[in-house]
2 protein chains.
Amino acid sequence: MDPVGLFPFTVDSGLLDFLGRLSIPALGGKLLDAAAAHAGARGFGYNDMRRREATWVLSRLAIELTSYPRLSEEVRLLTWIEGAAGLFTHRCFELADAGGEALGYARSVWAAIDLTTRRPTPLDAGALNAYRTERPCPIGKPGKIPPVEHLAGGEPYRVRYSDLDVNGHLNSIRTMERLLDCFDLEMFRQRTVARFEIAYMAEGRYGMELAFHHRESSPGRYDMAVCHEGKAICRAAVTWQ
Amino acid sequence: MDPVGLFPFTVDSGLLDFLGRLSIPALGGKLLDAAAAHAGARGFGYNDMRRREATWVLSRLAIELTSYPRLSEEVRLLTWIEGAAGLFTHRCFELADAGGEALGYARSVWAAIDLTTRRPTPLDAGALNAYRTERPCPIGKPGKIPPVEHLAGGEPYRVRYSDLDVNGHLNSIRTMERLLDCFDLEMFRQRTVARFEIAYMAEGRYGMELAFHHRESSPGRYDMAVCHEGKAICRAAVTWQ
């Protein structure tokens, strides 16, 4: 089987933000669906993992777009494994228009966790690396995000029913939405997100009182943290241009 | 063309709630997509409306499910026009399993509004009724929901970036999510939503401070209202069993 999976989709209205552009969280949802389908078709999907009492957990995700598709555009989402080593698998994505012109790229880092202990568990690196490919993904790897959880204040938010995923944890896409919601609408009107990066550190649970912190660390670059009782459960960095 | 449109879909993990069941708002999103595609294929979709300086606005929606599909289930969503008269079009839906067994039904009421005045504008009832069918939709029509916006308190919520649809208004699906978020998680564990009904009355806008009110008006039946400055912009009724 081709190491690269192709997942075309049409940009329908539910995927758009108020400016009529594919939203970053909506794209994030498509990336997760494509990752699941690509892995499932190659023998290491969620169902395969469950048979080994394990599941996939998204650890880091970085998205860079140079162009945002709009309503009814047919786009091509490609995904492939860059490599698996130790506890982590590196998966890349390319988003292209119908003609194959790249609109952007994404990089993700995944860990396998044991379903009972919820601790990382070794990967079947051999099976994963059988599909490894050298296809280029020309954006920076997700890196260390400076902590901002010590900042005073922070936007409060309590985790609710609709925020939960099927595992009962704060949904990774919903977290992306809430992070972008920290910015004023004017920001979206005047600038575009050139890079969105997120690191998931701990699981958010129902009823948790969260605080969303952000700080402009250099012009256009915002470091962010989602905190529970003063400890970050997630960090993010958003670069506007 | 067949008056009934068939839109099959697979229940992927992004559509599930924490109990692993298709969520009501996720189903709502599928209903809106199916409505748009059905109308578009028959000459009265959003693009056709835009040429007449108009657009569709969802006025009311009622959903009743007797069984909730789960992960990876293939389901069949059907939609058809029950009739158009005056300012409103009545559209029905059936959700069925892969074998054609009904899992539930929905009824919706739509108005056409002028894009400039944002006031209702007459429909091309002839074109719509050309696709009218008598196919049965055995659930109660959306009806009058008693006002509860005079109640004290209410859960506060401010409209943010991710809550906006492509028209810059509070997203109809997001409103459904926020309404269900008023219920404790225990409720979802112990009971299921037998009927969800919503009436959209005014457009929610960015930054609006909203209050979500609810009251159990009879055992298991909750009347709800989303208010801005004491006036309802939306009412809903949720029946649990």
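The sequence lines fix the lettering, A, B, ..., with proteins before strands; numbering per chain opens at 1.
Salt-bridge check for B:R50 with B:D48: failed, with every basic side-chain N at 4.0 Å or more from each acidic carboxylate O. Of the charged side-chain nitrogens involved, none lies within less than 4.0 Å of a carboxylate oxygen, so that A:R178 and A:E155 do not count as a salt-bridged pair. A salt bridge links B:R235 with B:E149; the closest basic N to acidic carboxylate O contact falls under 4.0 Å.
For A:D184, the parts lying under 4.5 angstrom from a heavy atom of chain B are both the backbone and the side chain. For chain B, no part of A:R70 is nearby; none of its heavy atoms comes within less than 4.5 Å. Interface residue A:F183: only backbone heavy atoms are found under 4.5 Å from chain B.
At a heavy-atom cut-off of under 4.5 Å, chain A is reached by B:L16, B:D17, B:F18, B:G20, B:S23 from residues 13-32 of chain B, listed in order of number.
No side-chain donor-acceptor contact under 3.5 Å links A:S67 to the backbone of A:L103.
By the 6.0 Å contact criterion, CZ on A:R119 is open, its count of non-hydrogen atoms from other residues, nucleotides or ligands being 12 or less.
Of the N and O atoms on the side chains of B:R205 and B:H228, not one donor lies less than 3.5 Å from an acceptor on the other residue. Of the N and O atoms on the side chains of B:Y206 and B:D163, not one donor lies less than 3.5 Å from an acceptor on the other residue.
The greatest number of non-hydrogen atom pairs below 4.5 Å with chain B, out of A:G207, A:A37, A:S162, A:A36, is found for A:S162.
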Given ring pair (Phe, Tyr, Trp, His ring centres under 6.0 Å), test B:W240 with B:F188 step by step and report yes or no.
-> CA-CA 9 Å; B:W240 296 83; B:F188 293 92; 5.0 Å; yes
